[in-house]
Amino acid sequence: MLEETLRAEARVLHDMLSTHDTDDFMNRLSTRIEEHAARPPRVHDDPTRSAPADTCTPPSFTPQRQRSTRPAIRRGLRRRPLPVVTRDPADQPAATLNELRRLCETILSAENTATLMAAFDLDYDATGACAFACLLYILGRRDSALYWWRFAAGAENPLAAHVLALYYAANGTLPEARVWCAHSRLLGFTAHQHLPPYPARTTPPDRDIARSAPTPTNEAMTSFVQNDRLPAALVRH
């Protein structure tokens with residue numbers, strides 16, 4: 001049905017184009033233009049013609065505005081008041097560092113810390129690497145802690161990526177903090193699933209926690225604990 005309708009319209013269009021005479025159309029258009037030009041112009045009022053004598057046009061009167069003697073007051077653009085933003089104390093760098101330290105203490109105080117260290121000592125387990133980095137951080141080995149946190153995050157450990165985001169946020173390196181925060185979300189980090197429960201704080205200072213925590217027995221890992229800086233080979237890479 002649709003094809004027949006289209007064929008019929010095509011035939012009508014073909015007939016119209018085949019019977020079109022361009023010369024005849026131009027002649028008829030020229031005749032219409034000549035007829036239109038021969039018509040008398042419309043009647044317009046002559047603006048130069050004077051008004052009748054019996055009509056009286058009142059003079060135009062424009063009241064003058066009295067000038068004020070007061071000085072002009074220039075009004076500037078009204079500025080919108082700035083919003084009052086109060087920062088949350090929990091967002092301060094010191095609070096973030098305390099949160100990071102408390103998280104490391106909780107990881108090292110867990111019952112499975114020895115198992116994690118043994119797994120890390122055996123085959124560089126990512127979860128064990130995160131716990132080992134927490135130990136290095138509490139001991140003040142910041143460069144080594146960052147190295148093993150990055151290692152664990154690169155091995156798809158969500159908690160290590162979250163810890164890196166905390167560290168860089170506390171130290172003011174916001175671009176890297178955003179990167180690691182996005183990486184932790186990409187790995188599926190959730191506080192309910194990956195953060196350990198925080199116990200009541202009854203432990204001694206940080207150094208005592210570090211001494212009581214198990215450490216890897218591998219000599220290469222022991223060098224990270226004993227030295228303040230990364231080995232030269234790792235620094236070059």
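Residues E34 and L29 have side chains not in contact (no heavy-atom distance under 4.5 Å, counting atoms from C-beta outward). A heavy-atom distance below 4.5 Å is not found between the side chains of I107 and T113. Looking at heavy atoms from C-beta onward, E176 lies in side-chain contact with T173 at the 4.5 angstrom threshold. Counting heavy atoms from C-beta on, the side chains of V163 and Y168 never come closer than 4.5 Å. Annotation: side chain of L195 is in contact with side chain of H162 (closest heavy-atom distance under 4.5 Å).
The main-chain N or O of G128 is found under 3.5 Å from a side-chain atom of D125 such that the two form a donor-acceptor pair. With hydrogens and angles ignored, the 3.5 Å screen pairs a side-chain donor or acceptor of N171 with a backbone N or O of Y167. Between the side chain of N157 and the backbone N or O of A153 there is no donor-acceptor pair closer than 3.5 Å. In this structure, the side chain of S30 does not engage the main chain of M26 through any donor-acceptor pair within 3.5 Å.
Note that R142 lies in the cation-pi zone of Y137, set by a 6.0 Å cut-off to the ring centre and a 45° limit from the axis.
Counting all heavy atoms, side chain and backbone alike, S184 lies closest to P158 at CB-O, 4.0 Å. M117 and L108 make their closest contact through CE-CD2, 4.2 Å (heavy atoms, listed as atom of the first residue, atom of the second, distance). Closest non-hydrogen pair, A152 versus C130, comes out as CB-N, 4.0 Å. Contact record, L166 with E99: CD1-CG, 4.3 Å, taken as the closest heavy-atom pair.
Below 30°, between 30° and 60°, or above 60°: for W148 and F132 the angle between ring planes is above 60°, a perpendicular geometry.
If you chain together hydrophobic residues whose side chains sit under 4.5 Å apart, L103 and W149 fall into the same group. Under the 4.5 Å side-chain heavy-atom criterion for grouping Ile, Leu, Val, Met, Phe, Trp and Tyr, L187 is not connected to L146 through any hydrophobic cluster. A single hydrophobic cluster is not seen to contain both L116 and F224; linkage of ILVMFWY side chains at heavy-atom distances under 4.5 Å, directly or through other members, places them apart. Under a hydrophobic clustering in which Ile, Leu, Val, Met, Phe, Trp and Tyr are joined whenever their side-chain heavy atoms come within less than 4.5 Å, directly or via other members, V179 and F151 fall into different clusters.
A ring-centre distance under 6.0 Å is found for Y124 and F120.
Residues forming a side-chain contact (heavy atoms from CB on, under 4.5 Å) with A169 (at least two apart in sequence, or on another chain): A177.
Here the straight-line distance linking atom SG of C104 with atom CG of L139 works out to 10.5 Å at 0.5 Å rounding. Atom CZ of R102 and atom CG of L100 lie 12.5 Å apart (nearest 0.5 Å).
Under a cut-off of 6.0 angstrom, the local environment of CD in E156 is sparse, with at most 12 non-hydrogen atoms contributed by other residues, nucleotides or ligands.
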